**Q** 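My questions all concern the structure below.
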Amino acid sequence: MKALILGNRLGIVESKATYPVKITSLFLNQLFDMNLNFSSRMKFSFRDGGTLRLKDHLTHADLQLAFILFRCCNAYGYIDLTNRKALYRRLENEFESPISEGQFYAALEKFSHHQLILSEESADGDIRHRLNYFMNEKTNKIGHYVLFHPFVFTKVFHELTLAEKKLIISAYAQASGSSKKIITRNLKQVDKTFRHAQFSGLLSFLHKSQKSHISDILNNLAQLLLPVETKTNAKLLDSVQLVKGKNGYKAELKFNSEFLIPVVNKDQQKYYNPLDACSLYPKFFSFLKREADFYGIGELFSDQHLSNRLVKRLRPVSVRLIRHAFHDLMEYVKEKGILPRNPEYMIKHSIEDKFNTILDKVITKVGADEFVRYPETREELVKERKWSFSQAALKSKLGIKKIRIRMEQTIKSLNRSYPVLPWDVSDYGAGPTTYQYQELRKFLDIDSIKREALIEKVDPFYYGDLEYNALLAIRNTNPKVVEDWIRGELPKLPRLPGKRLLPYNFRLENLVFSN
DNA sequence: ATATCTGCAGGGCGTGATCA
DNA sequence: TGATCACGCCCTGCAGATAT
């Protein structure tokens, strides 16, 4: 592992090492190929009338951007661009001489134009960004890659000319970590078949018109000293020369093996360092810290890993609920003198509890109880329906206000499409053709009992239970006692004003939280 | 109101042309 | 072929616009 402390912000402020960075060869190929159409001099701008920039021109900014993109993507090449500034802050951390912010945005835009960065919509509707030419589609692993020594982040490297940088990067990638290779590049490509810009001859690749220009570059590179280890410089190249071959002049470069990193390496994670939630949402993160401090639980955010999880989890949660959870934590700390072992778990629960309490009130207020619990009437099952509804509400990530508005609208339209119809005698108990009815009628005045239930608007579901129990009882009990029992139970049963002809598979959450 | 993003001026580099 | 030059775009730093 070649990780060294550089004069970048990572090194100076945090005393942290800068690691090598992985880049796929294919990506580099395409990056350099953006020059292929250079002569067209096509321009782009951020907005109509804005500053024009060359679309097919590779710049210093592009190179820094490429390195930082590969640093901040995950193992599948996905990169979070919800806050591009966060990516720029990382660039400022890793490079000794970072490019300016304006150039950074311009380079990003250019990468999108060239489809080096792809944006795709995921199943949940979020836009995600992915580095193109990253995965090997067949193996579903990262494609052939090169580990770039951290010298690419140094000031010395940054101050080289563009042509010098391009040559180093291209040749270094070709060496691919193997120290024995001597890289040779013709000045002119005699073979006319299509070549990627990198291999189209050095004169064309480096935008030079004369052999002497190339030899100037090579002479400079021959002297080039870069840090191999922390505070130790060495020559980047063992040898550089311009020699005459049978196809004209060619450049030969051999890298100092101390700068090369073999591709077999175990510390994979060190090369990727994706942007974390705290840096993507710095504003929200500082809000959380402020609130936590206010409640005397600022310690909650002393751990980087937990901070990231909390930022992610709490982002869609309303301020009111966050404060409630922090308040609960404060009470806990007051009592036990210490934060719970798993504060995230406690926060989650206290938010869900509070959310459900508020949601229950809203349900009652907008008159949605009967729809939430539909089609269940028994207490345990109604509980399940309520739980399922509140899960859907949580998952929707809507604020309580929005939920309330949506519910009011939905209830309104439900009342129009499914008006309350009065109960009919036939809704109560078993019908006249059934065995149950025939049996009961032999012993009791069942018709008069049904009429009584109808007048009282008893919930027929519960009446049904009553009638069934009467049928069982009548076989070994005095009918008179059974009849008195029924009449006595009737007033205790729940009432329902009427029936709605809702389909049996009706679920309120599907209406309120769809799309 | 603050953070993020884009425009602008002028110096200097990158590109490719001219001249010997 | 090599030395030098000219044009225009990149680059920085800051101002101003736009988004949250």
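Throughout, protein chains are lettered first and strands after them, A, B, ... in sequence-line order, and every chain is numbered starting at 1. Bear in mind the structure is a predicted one, so any value in this text is a computation, not a measurement.
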**Q** Rounded off to whole Å, could you give me the NZ-to-P distance for the A/Lys55 and C/dC10 pair?
**A** 13 Å
**Q** From C-beta outward on A/Phe38, which listed nucleotide comes closest to its side chain: B/dT15, C/dT20, B/dT6?
**A** B/dT15
**Q** Any side-chain N or O of A/Thr59 less than 4.0 Å from the OP1 or OP2 oxygen of C/dC9?
**A** no
**Q** Please figure out whether A/Lys211 or A/Ala61 has its closest DNA chain C nucleotide nearer the 5' end.
**A** A/Lys211
**Q** If only side-chain N and O atoms count, and only distance matters, is there a donor-acceptor pair under 3.5 Å linking A/Tyr271 with A/Lys22?
**A** no
**Q** Examine distances only and state if a side-chain atom of A/Asn356 and a backbone atom of A/Glu352 form a donor-acceptor pair shorter than 3.5 Å.
**A** yes
**Q** Can you figure out which of B/dT6, C/dG2, C/dT12 approaches the side chain of A/His158 most closely?
**A** C/dT12
**Q** Ignoring the backbone of A/Arg41, work out which of C/dC9, B/dA3, C/dC11 is nearest its side chain.
**A** C/dC9
**Q** Short question: side chain of A/Glu96, backbone of A/Phe157 - any donor-acceptor pair under 3.5 Å?
**A** no
**Q** OP1 or OP2 of B/dG7 less than 4.0 angstrom from a side-chain nitrogen or oxygen of A/Arg47, does that happen here?
**A** yes
**Q** With a 4.0 Å limit, can you tell me whether A/His207 has a side-chain N or O closer than that to the phosphate oxygens OP1/OP2 of B/dG14?
**A** no
**Q** Closest approach to the side chain of A/His60, judged atom by atom: which nucleotide of C/dT12, B/dG14, B/dG7 is it?
**A** B/dG14
**Q** Distance check: side-chain N/O of A/His57 vs OP1/OP2 of C/dC10, anything under 4.0 Å?
**A** yes
**Q** Look only at the side chain of A/Ser286 and the backbone of A/Lys283, and say whether a donor-acceptor pair between them is shorter than 3.5 Å.
**A** yes
**Q** Can you figure out which of B/dT2, B/dT4, B/dA17 approaches the side chain of A/His213 most closely?
**A** B/dA17
**Q** Consider the side chain of A/Leu162, meaning its heavy atoms from C-beta on, and name the nucleotide among C/dA3, B/dT15, B/dC8 that approaches it most closely.
**A** B/dT15
**Q** Mind calculating the distance between CZ (A/Phe205) and C1' (B/dT15) to the nearest angstrom?
**A** 15 Å
**Q** How do A/Asn35 and A/Pro282 order along DNA chain B: which one's closest nucleotide is nearer the 5' end?
**A** A/Pro282
**Q** Whole Å only: how far is the CG atom of A/Leu280 from the C1' atom of B/dA3?
**A** 14 Å
**Q** When A/Tyr105 is tested against each of A/Glu101, A/Gln103, A/Glu109 for side chain to side chain donor-acceptor pair (under 3.5 Å), which residue passes?
**A** A/Glu101
**Q** Could you please name the option among B/dC5, B/dC8, C/dT12 that lies closest to any side-chain atom of A/Gln103?
**A** C/dT12
**Q** Any base atoms under 4.0 Å from A/Ala106, or only sugar-phosphate, or nothing? Heavy atoms, all strands.
**A** nothing
**Q** Can you tell me how far C1' of C/dG16 sits from CD of A/Glu101, to the nearest Å?
**A** 14 Å
**Q** Can you check whether A/Lys166 has a side-chain N or O nearer than 4.0 Å to OP1 or OP2 of B/dG14?
**A** no
**Q** How many Å lie between NZ on A/Lys85 and P on B/dT2, as a whole number?
**A** 15 Å
**Q** Kindly assign one of parallel, tilted or perpendicular to the pair A/Phe148 and A/Phe67, based on the angle between their ring planes and the thresholds 30° and 60°.
**A** perpendicular
**Q** Select from A/Leu58 and A/Ala86 the residue whose nearest nucleotide in DNA chain B is closer to the 5' end of that strand.
**A** A/Ala86
**Q** Pick base, sugar-phosphate or nothing for A/Ser100, based on heavy-atom distances below 4.0 Å to the nucleic acid.
**A** base
**Q** Write down the distance between NZ (A/Lys283) and C1' (B/dC5), rounded to a whole number of angstrom.
**A** 14 Å
**Q** Would you mind telling me which of B/dT4, C/dT4, C/dC9 lies closest to the side-chain atoms of A/Gln210?
**A** C/dT4
**Q** Look at A/Asn83 and B/dA3 and indicate whether a side-chain polar atom (N or O) is within less than 4.0 Å of OP1 or OP2.
**A** no
**Q** Where does the angle between the aromatic ring planes of A/Tyr172 and A/Phe151 fall among parallel (under 30°), tilted (30 to 60°) and perpendicular (over 60°)?
**A** perpendicular
**Q** Counting only side-chain N and O atoms of A/Arg84, is one of them less than 4.0 Å from OP1 or OP2 of B/dT4?
**A** no
**Q** What's the CG-C1' distance between A/Leu54 and B/dC13, to the nearest Å?
**A** 14 Å
**Q** Would you kindly give the CG-to-C1' distance between A/Leu206 and B/dG16, to the nearest whole Å?
**A** 14 Å
**Q** If you only use heavy atoms from C-beta on, which nucleotide in B/dT6, B/dG16, C/dG2 is closest to the side chain of A/Ser209?
**A** B/dG16
**Q** Nearest to the side chain of A/Thr161, which nucleotide is it out of B/dG7, B/dT4, B/dG14?
**A** B/dG14
**Q** Could you check A/Asp216 against A/Lys110 and say which one's nearest nucleotide on DNA chain C is further toward the 5' end?
**A** A/Asp216
**Q** So what does A/Tyr105 touch, heavy atoms closer than 4.0 Å: a base, only the sugar-phosphate, or nothing?
**A** base
**Q** A/Arg53 side chain N/O closer than 4.0 Å to the phosphate oxygens (OP1, OP2) of B/dC8?
**A** no
